[in-house]
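So the structure is just underneath, and the comments pick up after that.
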Amino acid sequence: MTTSTWELGDRKVNRLGYGAMRLTTRPLDRDQAVAVLRRAVELGVNHIDTASFYFSPALSANELINSALRPYADDLVIVTKVGPGRDPSGEWYRARPEQLRGQVEENLRQLGLEALDVVNLRIGAGLERGTGSIAEHFGALAELREAGLIRHLGISNVGTAHLAEALSIAPVVCVQNLYGLGARDAEDDALLDQCAEQGIAFAPFFSVDRGAPQGVVAEIAAAHGVTAAQVLIAWTLHRGPNVLAIPGTGDLGHLEQNVAAAEITLSEEEMERLSPGSGPGTPARS
Ligand SMILES: NC(=O)c1ccc[n+]([C@@H]2O[C@H](COP(=O)([O-])OP(=O)(O)OC[C@H]3O[C@@H](n4cnc5c(N)ncnc54)[C@H](OP(=O)(O)O)[C@@H]3O)[C@@H](O)[C@H]2O)c1
């Protein structure tokens, strides 16, 4: 992979990463899941997104990462998230601030780590942007960072006011929000640009899943000899140098395509056709 890199906290990561959620939401056997994780790293992925609540009756994303990739390569950055949780029966709950330590420790145990590289505070109950103050929860995570359990903090499913609130409490290295050509609004665009200005990574999720109107995407994909999914990923990378793609897949062929999407250069004219008025974006390889 020759894609450009980003300093995530004190670690340099390739901008094309991998999201582990799909390993447990689509019917996969364990060997396939392990093979996908190992191939991702072989292909140069060194930024993996996960959570302790990514589990099915048969598989846990954190446990799969642990078995497939330990001992971890020095350059591998594993990003996890807390806030939501699932009890052993799979029922969801929202952690109170004092419960976040237990969630962090659960991630440490499952991943076999002594400190977590990056922990995102994920707010809100659904996919819509979360509301309300994050101060108490983020403050609790900041204390765990001070205690050495976490190296860097991020926030997820948030708006611009949340970023300002979090930054008043502790440094923020990344924001992870639902974002893609087919799933974004003015606040998402503003938040991505604000993160770029402040040197904060923006990791979009569902950029492939939420798709986009097929016409222009299909035309541009055909012109480059790539798939629509690859154009959707390339588009996110062109939105700013701080965008870290984390497409999820349980399919080895899709994984190869997703990694290759980091090599696609979209012209200013193509960016304008894909998202009129949002500007030319920034070349993926800047
Ligand atoms: N912070 C949050 O609240 C939050 C929420 C959701 C997800 N996330 C994170 O973000 C990551 C990305 O989200 P996601 O995995 O749900 O969605 P995504 O990356 O937008 O899309 C994944 C879906 O697209 C398919 N796909 C992937 N690559 C493809 C390709 N090259 N061609 C065709 N289809 C392709 C996958 O199916 P196949 O398996 O068949 O390839 C899967 O159904 C997750 O894995 C998770 O780590 C975070």
Side-chain angles (χ1 to χ4, degrees), residues 16-29 32-33 35-37 39-40 43 45 47-56 59-62 64-65 77-86 92 94 103 107 111 118-130 134 153-159 162 174-184 188 191 201-212 214 217-218 221 224 226-237 243-264:
L16 198 293
Y18 176 76
M21 186 180 85
R22 295 285 166 170
L23 295 178
T24 60
T25 57
R26 95 203 263 278
L28 280 187
D29 70 33
Q32 170 82 3
V36 167
L37 284 164
R39 185 72 183 130
L43 291 170
V45 167
H47 168 219
I48 296 183
D49 181 77
T50 186
S52 62
F53 51 81
Y54 292 163
F55 66 85
S56 67
L59 298 173
S60 139
N62 280 354
L64 285 167
I65 290 169
V77 176
I78 299 174
V79 177
T80 189
K81 59 190 80 69
V82 295
R86 288 170 72 198
W92 289 94
R94 313 253 0 128
Q103 293 191 336
N107 278 281
L111 290 165
V118 183
V119 175
N120 282 315
L121 172 66
R122 204 282 190 194
I123 68 161
L127 284 177
E128 70 286 357
R129 199 177 285 117
I134 61 172
L153 297 174
I155 48 178
S156 176
N157 213 31
V158 293
H162 292 122
C174 60
V175 169
Q176 185 176 115
N177 269 17
L178 195 161
Y179 186 80
L181 190 53
R184 62 195 245 273
D188 297 319
L191 184 55
F202 186 92
F205 64 83
F206 286 173
S207 348
V208 177
D209 193 60
R210 290 304 155 109
Q214 277 305 297
V217 176
H224 285 264
V226 300
T227 68
Q230 288 176 296
V231 170
L232 294 174
I233 294 168
W235 179 86
T236 64
L237 292 173
V243 173
L244 303 182
I246 49 166
T249 183
D251 181 286
L252 285 164
H254 287 168
L255 175 68
E256 305 254 354
Q257 290 172 6
N258 296 350
V259 171
E263 310 301 325
I264 298 169

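One-based numbering, in listed order, for ligands and for the atoms of each.
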Using a threshold of 4.0 angstrom between heavy atoms of the protein and any atom of ligand 1, which residues qualify?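 G19, A20, M21, R22, R26, D49, Y54, K81, R122, S156, Q176, F205, F206, S207, V208, D209, A229, I246, P247, G248, T249, G250, D251, H254, Q257, N258.
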
Non-neighbouring partners of S207 that pass side-chain contact (heavy atoms from CB on, under 4.5 Å), sequence neighbours left out: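 By the side-chain contact (heavy atoms from CB on, under 4.5 Å) rule, S207 matches P204, T236.
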
Give me the one residue out of N62, N107, T80 that meets side chain to side chain donor-acceptor pair (under 3.5 Å) with T50.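 Per the side chain to side chain donor-acceptor pair (under 3.5 Å) rule, the option paired with T50 is N62, out of N62, N107, T80.
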
Check ion pair D251-R22 (N to O, under 4.0 angstrom):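 Judged by the 4.0 Å cut-off on N to carboxylate O distance, D251 and R22 do not form a salt bridge.
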
Do we see a donor-acceptor contact under 3.5 Å between the side chains of Q176 and D49?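 Yes, side-chain donor-acceptor contact under 3.5 Å.
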
Could you work out, with ring pair (Phe, Tyr, Trp, His ring centres under 6.0 Å) as the rule, every residue matching F53, not counting sequence neighbours?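 Per chain and number, F53 pairs via ring pair (Phe, Tyr, Trp, His ring centres under 6.0 Å) with W92.
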
Can you sort out the partners of F202 under ring pair (Phe, Tyr, Trp, His ring centres under 6.0 Å), two or more places apart, ordered by chain and number?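 For F202 the ring pair (Phe, Tyr, Trp, His ring centres under 6.0 Å) partners, ignoring immediate neighbours, are Y179.
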
